[in-house]
Structure formats: C-alpha cells, structure tokens
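Sequence lines set the chain letters: A, B, ... in the order given, protein chains first and strands last, and positions in each chain run from 1. Values below: all heavy atoms of this structure, side chains included; hydrogens, waters and symmetry mates excluded.
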Amino acid sequence: MNIITDVRKDYILSKIRDGERVDGRAFDEFRKIEIETGVIEKAEGSALVKLGNTQVIVGVKMQVGEPFPDSPDKGIIITNAELVPLASPIFEPGPPDENSIELARVVDRGIRESEAIDLSKLCIEEGKKVWIIFIDIHALDDDGNLLDASAIAAISALLNTRVPAERFGVGEDFPLPVRNLPVAVTSMIIEDKILVDPSKDEKSVSNSFITITTDVDDNIVSIQKSGSYLLKEEKFYEVLDISIEKAREIRELLKEV
Amino acid sequence: MNIITDVRKDYILSKIRDGERVDGRAFDEFRKIEIETGVIEKAEGSALVKLGNTQVIVGVKMQVGEPFPDSPDKGIIITNAELVPLASPIFEPGPPDENSIELARVVDRGIRESEAIDLSKLCIEEGKKVWIIFIDIHALDDDGNLLDASAIAAISALLNTRVPAERFGVGEDFPLPVRNLPVAVTSMIIEDKILVDPSKDEKSVSNSFITITTDVDDNIVSIQKSGSYLLKEEKFYEVLDISIEKAREIRELLKEV
Amino acid sequence: MNIITDVRKDYILSKIRDGERVDGRAFDEFRKIEIETGVIEKAEGSALVKLGNTQVIVGVKMQVGEPFPDSPDKGIIITNAELVPLASPIFEPGPPDENSIELARVVDRGIRESEAIDLSKLCIEEGKKVWIIFIDIHALDDDGNLLDASAIAAISALLNTRVPAERFGVGEDFPLPVRNLPVAVTSMIIEDKILVDPSKDEKSVSNSFITITTDVDDNIVSIQKSGSYLLKEEKFYEVLDISIEKAREIRELLKEV
Amino acid sequence: MSEDIKLIVNGKRIDGRAFDELRNIRIEAGVLKNADGSCYLEMGRNKIMAAVYGPRKVQPRHLADPVKAIVRYRYNMAPFSVEERKRPGPDRRSVEISKVSREALESIIMTELFPRSSIDIFVEVLQADAGSRTACLNAASVALVDAGIPMRGIITSVAVAKVDGHIVLDPVKEEDNFGEADIPFAFFIRNGKIESIALLQMDGKLTKNELIEAVKLAKKGVMEIYKLQREAIMKKYIVEDVE
Amino acid sequence: MSEDIKLIVNGKRIDGRAFDELRNIRIEAGVLKNADGSCYLEMGRNKIMAAVYGPRKVQPRHLADPVKAIVRYRYNMAPFSVEERKRPGPDRRSVEISKVSREALESIIMTELFPRSSIDIFVEVLQADAGSRTACLNAASVALVDAGIPMRGIITSVAVAKVDGHIVLDPVKEEDNFGEADIPFAFFIRNGKIESIALLQMDGKLTKNELIEAVKLAKKGVMEIYKLQREAIMKKYIVEDVE
Amino acid sequence: MSEDIKLIVNGKRIDGRAFDELRNIRIEAGVLKNADGSCYLEMGRNKIMAAVYGPRKVQPRHLADPVKAIVRYRYNMAPFSVEERKRPGPDRRSVEISKVSREALESIIMTELFPRSSIDIFVEVLQADAGSRTACLNAASVALVDAGIPMRGIITSVAVAKVDGHIVLDPVKEEDNFGEADIPFAFFIRNGKIESIALLQMDGKLTKNELIEAVKLAKKGVMEIYKLQREAIMKKYIVEDVE
C-alpha cells in the first residue's frame, strides 16, 4: 500500500518537474466547473458545484434576529462548513476541526470583505430586527480544492437566494441584494512551480497552499497562506497575478448563474 | 470467565429449546411487578418499579414555559432517561448514548401517542404559558427489560402527579389529567420462540427484541423493533397478540396505583 | 529519570525529618510574596501575584445582569480558574478538571463567606439589574501552592477594581466596595509535620493538604481538606493556629495594595 | 388538528396520489469518487446522498471486533434540509434513526467475512420530507451493493400511514404530521422475494387489523422500490461495461 | 436573610430536634443485584442509593495504576431530586464533592491489594436535603463493606452547622441556607473508635472555639450513625446466613 | 463607519505614530520556571505570555509521528483580556490563528531531529489589542530559542493595515476595526536577513500595488522587531553567564 503510494507520488512529482500534471492540465488550468443552483427547494438559496470530481453543496437559510450592537442597521452573515465523513475517508464525524473552520472562515471573508451582500438592505428595524444569513457549506466529495468549490457554491447560492420576508411576516419576498462576485483561487506551490486548483492526487505531494480571493474590480479581498512552508516574496507576486486572472475567468461562469 | 459465560449461554438456550426458561417462568410470563408511588416527595410525581430484580425510578417535575409555536394551547412532555453506571456494569457515565435515547423515546411515544395526558388542560395562557412535564427515568438496577419497567414507572408516576400551580402562582394545584394507560411489552425472539419480559440472563443469548405498546382499548400506539435481526411476518402477528394480552394484565396493576 | 526523582524525594523527606526544608525555609515560612495590581488595564481590576516562582494573574470583569431570584438585591460573584497548559507540564487544555474546579471554589468561598464584597451595594435595580463580578484566575507558573497565590491575587484584584458604571450607562464609576480581607493558607501534612506554602518540589513527597481561610477578625471562613489522607484531630487544631497567624502576616501585605 | 385539515378528498390524497401509490423515486448509483460505494436518491421531496466506506481498518482501533466487521450508520441532516435551519450535529432523533437503520442493515451484511474491519455507511439528508429514514435506507442499500459489500440480499424500505381513517402508502409531510399513525418498514428481499422484516417502528394509534393491512401495503410498495434499486445498480454496471 | 427567620425557638430547632440530635436515618445494605455492593440510605429527607463495582479491570485501560487500584467516586443528583429540576450531568459542585469524597474513602481502602484494578463507587441522590454529601458517604461506606472491599476501618460522615449562634448537629435545608456556617465531616472509625478526620470542609464564619465544639458534636453524631451502619451490615449477613 | 472616524490627521496616526512606526515593544525571555522556554512580550497594549514545552513524549501517544516531532500551538485569550469578558475555551477565531501560527513555526523548526516527540507552544493573550497573533508569534519565537529548540532561523511577525487610503505599520485596534484592510505577516529571518514569508493572511480590499507596498513596510517593521528579539535573548544569556 505504502509502496504504491510512494510510487504514485514520485510519478506526480516527476511529471510536475517536466512541466506536466497527471491529469493533463496546464499548471494554470482549473478542472471543469459545473454550477447548478436551486437544487434544494426548501432552502432560500442553494447551489451544487462540481470542480472535476470535487462536489460541494451550499444552502442558504435566512432568519430574523437581533443585530450586533456595533452594527444595528446591518444584516448578519454566518458561514459554517461541515466536512462530513461521507465526503472523504479522512473526514471524521464530530464538531468542526481546524480545517473546516479555516475553510468556512476563508469563504466567509471573501463574501464579507468584497461586500458581496448589501447588508444595509437587510435591516428590518434598526437595533431590533435584521436578517441573519446562514451559509452552510456541505462537502459531498473531496477530490481536492474543496475551498474554491465552496467559495463558488457560496456566491452562487447567494445569487440564487430570495429573502423569505412573507414567511416571517415582514413584507414581500425579494432577491438577496448581491453586488459583488468574489472568487477564491487556490494554488499549490511545489518546487517553485505554481499549480492552480490542486487535485487530491496532487495534494499528496505537497501541503503548500495559498488562496487569494479577488473581486469584480480585481481587488484582493482575502489571502490565506495555508500549510507549513516558506513562501518566496517573488513567488507570492506571481501567484497574485495568476489568481487575479483565473478569478476573472471563473467570474464569467458566475455571471451566467 | 468466557467459558463459564458460554456454558451458561448454552444452558439457557437448551432450556428454551425445551420450552422452558432458566428462572422457571412460562414464555409469556412477566416477572413479579411491584409499583410504589410517591417515593420522592420533592417531585410532583414519582414511582419506583421493580420488575423482578430490575429496578427503575421515575420522577416527574413540572415547570411553566413557552408552548411550541405549532401547538400554542398545549402542554409539553419531555422524557429523558439516565442509564447511570450504578445500575449496570456496562453503563458508562456521560451524555445519553443510543440505548438511553431509544429507551426514553419509546417510553415517550407510548405516553404521547396514547394521548395519556390531556395536554389541552395544561395550557395556562395560550401562546404564552403552558406546563412543561419533565419525565425523568433513572435506572437503578438493570436485570433486563428496563424498557417495560420504565414505561410502567412513567405512567405510574404520572398518575401520582399533582400540578404545582400554587408554587408557580397560577391557581390551585390539581391532579395531572391522565386519561389513558399505555403499557409497553417487550419480547425477545429466539429460534422462533417469543419470550416476554426477557431477563438480563436471557438477553445474553439474543439481541432480538420488539416492544409493542398498547392502550386501554387494545390499540397499538407504538412499536419498536430493536436489535439486528430479521423478523418473520407471522411471528410479528403472534407477538402482537401476546403483547395486547400481557398489557391488559399489567394495566390491572396500574388501575390500583 | 525515575531514579533521579526517587533520589530527590528521599532527599526532601530526610530534610523534613531533620526539621529542614530543601529551600532553606522554616516549616511555617511562606516564600516571598510579590503583588502587582492594575497589570491589565482592560480589566476592571487585576493583580499579578508571585509566590516564590509560582505566578498567577487574576482579572476582574464586570457586567450588568439579572440577579438570582432568591437574592434580588444583591450582586453576583462568579469565580473561574483556568489551569492552562502554559503553567505546568501536567496541565492539559480542555474544560476545567476537578483540580481547577476545587481551586476556583475554595477561592470563591473565602471571598463569599468573609463577605469581602458588599454585594448589597451592587444592586442597580432590585430584581432586574445587578452587577455580575467575574473573577478569572489564570495560572502562569505552578511551582506549588497555586491556591494561596490565587486567593491573594483574587482579593488584590478586587481591591483594585472599579465598577464600570459609566460604560454601562448606570451612573458614575466607583471603587468596588471591599470590606474584608480573606487570606487562604495551605499547609502540607507530612509525618506529623506541618509545612505551610508547600512548593512543587515538596508536593512530590505528599498529597496531604489543608487550606484554611481566615478573615480580618481571625474568623475561619473556609476550610478544605484536600488529598487522600487521614488527619489527626490535634494536628488539625495545630494547623488552625498556624493558619490564623500566617494569614495575619499576609494580610499586612494586602493592606498596602 | 386532523379535524381541520382534510387529507383525503374524493378518494385521492392531498398530492393527488392513490392510497397505494408511491411518490416519484429517482435513484443513481456510484455518484461519488471518494466513497467505495455511493448513491443519490430522491423520494418525493427527499434528497439523499449515501456513501459506503469499507471494509476498512476500524478507527479508533479499540472498537474492532476480532470475529466480524462492525457496521456504523450515520444519518445526518444538512442544516438547510428543513424549513427552519437545523443546528449541525446529531440530535436525539437522528441517533435513534441511525441505530435502527444500522440494525436493519447489519442483519443482512456478511460481517463475518471481515473481522477487525468496519463498514461505514453515511447518509446525508440534503432535503427532508416525510419518510427520510426510509429514503436513506433505500439509498444506503444501493450504496452497499455499489461498494461490493457481500450481503444476503437487499434492504428496501417504505413507510405506511393512517390518514383520515385510511391506510396509505409512502406519506408526505402533511399526512405524517396530521395523520393518525406512521409506520416505517424495511424488508429483507432475497431473490426478488420479501423474506422478513428488518426495520419496524410505529407511532400513532392503530388496531391490529389496520396494522396487518399496513404490512400488506408496505410489501406492495417495497417491491416497486426494489425494482428501481435494481435498475439503478444494473444501469451503473452496464454503463461501466460499455466503457 | 438570617435576621428574618428564627431557626431556634425555645431551645429547639426548626424541626423540633435538640442541638445534638440526628435526623432519622434508615440504612439497608445489598439492595441491588448488578452491583458488587450496594446500600440504600435515608437521612432526613435525603434518599441515597450507593453502588460499588470492583475490584475490576480499569476502563479505559490507560488509567490503570501498576501498583494499586484506582478509586473512582461519582456523586450524581437525579433531575427530580431537587425543587427546581436539575439538568442531568455533573456540575461544578458535584465534581468537587466527588473529589473530596473519593479522597476520604481512598485513604482507608486497601488499594495496594489490587494493582491495575478500579474500585468504582456510584452514589445517586434520589432526593436531596442538606447534608447529601455526608449521607452519600455513609451509604458508600456500607456499600463498600457489602462489596467485600478490604478496608482499614469505616468512614462515617455528618455535618455540623452554626445556626442562630448555636452549634447544631446534622442541619436541615433551612439551617444550611440561613445558618452562619456549615461543616461537613467524615471520620475514620476503627474497632469502634474514631481515629482521625477523613473529610473536612467548611464555609461560613466561625471562631476557633466554635470549630472545636463542632468537632466534638460531629464525633458524637458519627458514633450513632456508625452503629446504624454496623446494624445494616449485620442484618444483611445474618439474613444471608439463615437462608 | 470609516467615514465617520478620521484615522489619519495631518499625516499622523490616531496614536501619533508615523505610518512606518511600530508601537512600543518590550520583550523578556525566560520568565517562567516550569516551561522549557518562555517569553513575556508587550506590543502596544498586547500583553503576551508564551511558553514552550519539549521536545517531550507525545501525549496522547497515538498522535506521535515516527519520523519527526509534532508541533502544537495553542493561542488562548484570557477571559479578562478583552473589553467584554470572553468565555474560556477556544473559539473559531483562535482555532484558525493557532493553525496558521503553528504552520509558520513548523516550517523552520528542525522537527526531523526529534521523532515521536512533541514541541508544544502555548501563548496566552493576557491583554489583547490589534495584532495579537503577530505579538504571540514574536513571543513564541523567543520562547523557542529560550527552550533551545533547534531552528533554521527565527520567525518575526507584524501586521500592516490600509487606513484612510494609507498603508501603515502595526495597526492599533481602531485602525484594524475601521481601516480598509489588515494584513498579518510573519517572515523567516536567517543570519539577520529576511528569507521568505512564513505567515500571510489578509482581509479587506487592496490593489496589487498596495499589497506590494505592504510587504515592503512589513519587512522594515520585522527587522526592527527582530533586533529586539535578539536583544531579549542575548540579555538573558549574558545575565546567565555572569551568574
């Protein structure tokens, strides 16, 4: 078993040294992205995203609740990720571990910092009642880069969300005011090479990642270096350029949602 | 140790094949049932039940609280079971496991589905204040069939309960309106034989159980097949008949409470 | 490793038998006590106490909350201790274990039973709003007798506390009304000898402790025998006398805070 | 409340079905890459994803059984699967459902072939309607076959309800909430024939004769579902053969 | 609040007892089948069930001590044991009580005879009054004897309180709540003689002399309880001999 | 709210600092007896205590790695460290900070020298201000040196913020809360030279050019902090030599 794993790793590595990826992609090429929205009718918004064989579903539920004291006129975003054991042999049942917390927080930051949702339109009664948006990320199949898939699914689900004002007796339903399209791009750094959208297969040879989320104006809204490795400054700028470019491509898909 | 256990199991099994039980009972015979109510003066109602050597105590506490939104004019039943380590060498301290949850839920269902308590009489102020009934099952000694003992103790404790309206400043105390007498009968299925009220000794040779709860009109109000085994359809009907009959006998005891 | 430990233990014991302590102290002598208050500006009150190499910090935070139903006109004290793994190789992360619970409760009792805080002055609106005092004990370095150090730090932090009434919009800030100075004195009993303020080194040879807390009038306000040992009655009275005397000395230090 | 709501009108149910008619069912096997076997299933508005891992080494190790595989079953509802957002993590209801579902499958899995191993079955309720436990069991069965786990047959599950005095097959939410009884069944089917009962629960109020009628109706229902399970499995293997 | 309530009237306590009088005590040994030893005990309105399991293999194993048995003690209150329903599970108070009670018993159990074993003592407070920890220790002692655990003697426990300026034995709830001090004691008794103090806690306000008076009163009380513990044990063994 | 609050006035920041000016920093090594290495650090109003234990045997044992030491890092806030009392125990924020901080240190610790061991780093935030994670990393680095853990160099950390359109070094709370972006950095420094980036997070809104400017400013900042870290270490060892 371990021998096979090692042989496989050597193969992946030698390919990368030759400038190739085991699944034939270019270093800066994402796997095929499929977005299906409205898959959960009971949710206010939802999206199933496939990124190659990686699958994740995001459901958005909304409730009426109290605002935070320091933002009495703004809606609230709560992002949560469940890495359920169905999605990977290494996920375990139980409360969220550091990986699912990091995943949820990085997706959250992209949405929050790009100000993708106009939270000031989600105030019902200042200081008393605002809309709470629950963004629940539910992993189905982790074949690598669950993070970018989750970020795409989250913004797609939000684009698909209607605020259930009637059900809560506070007016007429309306579409969630989404005004930006943050896109997360994760790269794996290995031997000075940058591979975007690393697959599970590729992740077996490196744990050096960086996720850069950008918005419609190419602003950087979130960065997360993840994994114990040292990142060269010039490599960081290279990743920045690639991330901005790839995000633009993915954003085109989101515009069709 | 294991050899003794195996020899014992063989003995129990061979007896059963001969149509006999190790403690001399008939297959459709319960152990002696003793019911003592009012054992905990601080509780609103209580009962200690002995079923052979199995002992369980149920205490009923009542509080005033908010009703559920979908039943604004009805009291609330909350049933909980503690399989404390005092009661058996295999019980462990900690939050309820699947066995104590199943036990509590099956007892709860019998009371709830037989509509044993007239919940509409437990509304204090519609939509605002209703009585919450906490039925706490506390195992003392598990010599098998804790479930039936708990169900008997629960309904006995309810029969013994006075609603503490004065203490809560909402009128005068009154007896809890109990209007049905659900009785749970658990059988063990082994080699096409049906043994009611299995003892701990007998449970060592089979994990195939079914609990059927019936009400004063011989209606079936709850069924729970428990244990990984396959139940023949005809055997099921046979258990049904036995359960109805045994419940009638036990119900006579309850009428004296 | 174990041999070194054993040799060390023998040495400590033989010293004690000779009427000496390994660090040169007399049996009834505390290590040097240093008290620094106001170390955490963000807290309403705080104190860092060093007892030899033992270090503990106590921070006091205050909030406005509901009183307990049975004391509607009194403030509330909540004492909590975190034995964080930073402070000792044997402390583990996680919820409080029996040692940190005991520590917090014994410190709490000293403050509560000596009526060190005039809780009746901490009522804002009877039955509705009172001050809640959070006394958080945070261990930094456990070189033995964390308990006495924590008790000194707690009362010192309280002496240093200002009630943040302005921040909560309920009047002007005022000093916390402290009117008593409880002092805990922990002794180790070993071979009929009484060693006050046992160091970690000394604790390796005995787990027999008793903590006696006294107030400004030499009243005993709290006792906790701790450790599985049998205490002779006459020894108990001896410890009482020593504790009262040592507490008087320590109280002098508190008066300078 | 059952007085206020008419669940049966002109011999038809609230969603237009006949008493013995199933909801729409859609089954697809082998939809996940990581899992050893998997199945996506829709049954009415239920949307279920099931995955099977194993036989594999038991983690944590002290749970291992030296003479057979242990079977684990985790029924879990996604937070967005229900009207009111559900807090993540198991509640008492899902613990009980997981227990009786595991027992149903345990009784037909040949665990004796895999000592010291675990067979882990995870079912995620992505959208919940009445009968989610039966839908999950049907999905889990297909996922087990897809994973190649040796079984003595297959488990097929359906609920029956008593609604406005009638015994009806495969109830929807309203029938479950306002009906007089709910009876989830699972049957063990071997060689295309129903052999015995693997799961049986019931709550509500029924006479013995109504219960006998319920069993009959459930048996009719599971035979139809069984065909769809078979088809889903066949379809996957035929497609694979062609490739 | 002690001002408002008179706890001592005409030299008698609120329940009519003299200062040095115990509440009614009832002890029965060997009342449970599963446990290796057990005891049911009433002390005033306290109703306590105690069970002892062991010496047995330690679970989980990594807690085992190669040179002696570990002793565990779990003080637990039933949800219905108090006026206001108590949420199940240990709170901070019961963790502390369990610790000091375990330490009291540990000091007289011959743990050195059973390396790698555990002796597990479980006490359930079925109904709580003042002094539940002392009642539990008395029950646990009898259960330990009933289980045949070798001990150097026996533990007997009682509380003393200061109430309206008087030192009184075995206080009830009101005396505990509105009195000036509460002092739970447990003594080690060997050959019918009090040897030393096994448990000692105190909270309230007392002078040294009051404390000495309290010890004296406690010693008187435990000797009476000790007789009842003995009787309960004798009764069980005599009955058994007859059988 | 950034509209309402002027964070930059006359080219000076809210606390009077220049854009490229650090807050006051105080570092003391070797302040705890139990820990193998320790450090107390103040950075603005942050007050941090860091301790290192190890290399030592891994507890629980099953976490041990046969080829290298595992590194653990626990960032913990004291309940009194913030304006509103914080409930004890880890929250989601501290779990994430612990993860990225551990990864930064892991990348320079020579873990391969200590198979089956753990190197445990505990940092307690006694008082929190903006940049507590960077202050903690600086303290942890010094504590690691103090513990004699072999490392390829040192980690030095500082945050940069965008405030009222300006890129500024080492922001305070107000700049963090009402600024446009916050970027915590940690650099790997070897032989007095910045080698690479060990920690990098960012949230807010920045152009690429602003980010490049931020890196430049952070590098200036960490070189100053690095000198203070060195001094603290030197001071301790020189004092020790004298003794």
Side-chain angles (χ1 to χ4, degrees), chain A residues 69-74 78-81 95-106 108-115 180 182 189 207-241 243-244, chain F residues 1 68 70-73 83-84 90-109 111 152-153 155 162 177-178 180-190 194-212 214-216 218-219:
Chain A
D70 57 353
S71 54
D73 58 345
K74 295 222 163 91
I78 296 173
T79 307
N80 181 59
D97 66 357
E98 61 176 30
N99 293 308
S100 59
I101 288 174
E102 185 181 43
L103 170 62
R105 286 174 67 85
V106 172
D108 183 272
R109 246 171 257 156
I111 292 161
R112 196 178 294 277
E113 300 300 336
S114 70
E115 300 173 84
N180 204 333
I189 315 287
N207 86 332
S208 310
F209 307 102
I210 184 162
T211 302
I212 292 172
T213 308
T214 51
D215 74 0
V216 285
D217 302 316
D218 291 346
N219 287 311
I220 298 112
V221 295
S222 162
I223 303 176
Q224 184 85 342
K225 176 180 170 299
S226 183
S228 48
Y229 72 105
L230 297 167
L231 174 66
K232 292 279 171 204
E233 189 180 336
E234 56 279 15
K235 201 48 62 184
F236 169 49
Y237 299 137
E238 220 179 294
V239 173
L240 262 184
D241 288 329
S243 302
I244 292 171
Chain F
M1 284 211 221
K68 63 175 200 288
I70 62 163
V71 176
R72 291 185 285 200
Y73 188 100
E83 207 64 49
E84 183 97 13
D91 54 14
R92 294 163 59 96
R93 177 179 163 277
S94 52
V95 169
E96 188 196 352
I97 290 177
S98 296
K99 177 181 185 289
V100 293
S101 302
R102 181 193 74 228
E103 291 173 343
L105 293 169
E106 240 176 355
S107 66
I108 69 152
I109 295 173
T111 54
R152 279 175 260 283
I155 293 293
K162 182 178 173 188
N177 288 352
F178 305 118
E180 293 106 77
D182 181 40
I183 317 126
F185 287 94
F187 292 93
F188 166 46
I189 300 178
R190 183 162 51 180
I194 292 173
E195 289 277 339
S196 50
I197 302 168
L199 176 145
L200 172 53
Q201 298 182 284
M202 178 261 169
D203 64 277
K205 219 171 241 187
L206 282 184
T207 63
K208 190 191 161 187
N209 285 337
E210 287 168 331
L211 204 45
I212 293 173
V215 174
K216 218 171 122 188
K219 286 166 77 176

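If you measure heavy-atom distances from A:D217 to chain F, you find no contacts under 4.5 Å at all. Neither the backbone nor the side chain of A:N207 has a heavy atom closer than 4.5 Å to any heavy atom of chain F. With a 4.5 angstrom heavy-atom cutoff, F:L199 touches chain A only via backbone atoms. Proximity to chain F (any heavy atom under 4.5 Å) is shown, for A:Y237, by both the backbone and the side chain. Interface remark: A:N180 contributes side-chain atoms only to the contact with chain F (heavy atom separation under 4.5 Å). Of the atoms belonging to F:I212, heavy atoms from both backbone and side chain fall under 4.5 Å from chain A. The parts of F:E195 that come within reach of chain A are both its backbone and its side chain, each placing non-hydrogen atoms under 4.5 angstrom from that chain. Residue A:L230 touches chain F through both its backbone and its side chain, counting heavy-atom pairs closer than 4.5 Å. F:R102 touches chain A through its side chain: at least one heavy atom from C-beta onward sits under 4.5 Å away, while N, CA, C and O do not.
Using a 4.5 Å heavy-atom cutoff, the side chains of A:Q224 and F:E96 are in contact. The closest side-chain heavy-atom distance from A:I189 to A:K232 is not below 4.5 Å. At least one side-chain heavy atom of F:R92 sits under 4.5 Å from a side-chain heavy atom of A:N80. Considering only heavy atoms from C-beta on, A:D218 stays 4.5 Å or farther from F:K208 through its side chain. Within the 4.5 Å cutoff, side-chain heavy atoms of F:I197 are placed close to those of F:F187.
Formation of a donor-acceptor pair under 3.5 Å by the A:S243 side chain with backbone atoms of A:V239 is found in this model. For the pair F:S101 (side chain) and F:S98 (backbone), a donor-acceptor distance under 3.5 Å is absent.
The most heavy-atom pairs under 4.5 Å with chain A, out of F:V215, F:V100, F:T207, come from F:V215. Counting heavy-atom pairs closer than 4.5 Å to chain F, the top residue among A:S226, A:G227, A:P96 is A:G227.
Tested against A:S228, the residues F:K99, F:E106, F:E103 include a single side-chain hydrogen bond (donor to acceptor under 3.5 Å, both in side chains) partner, F:E106.
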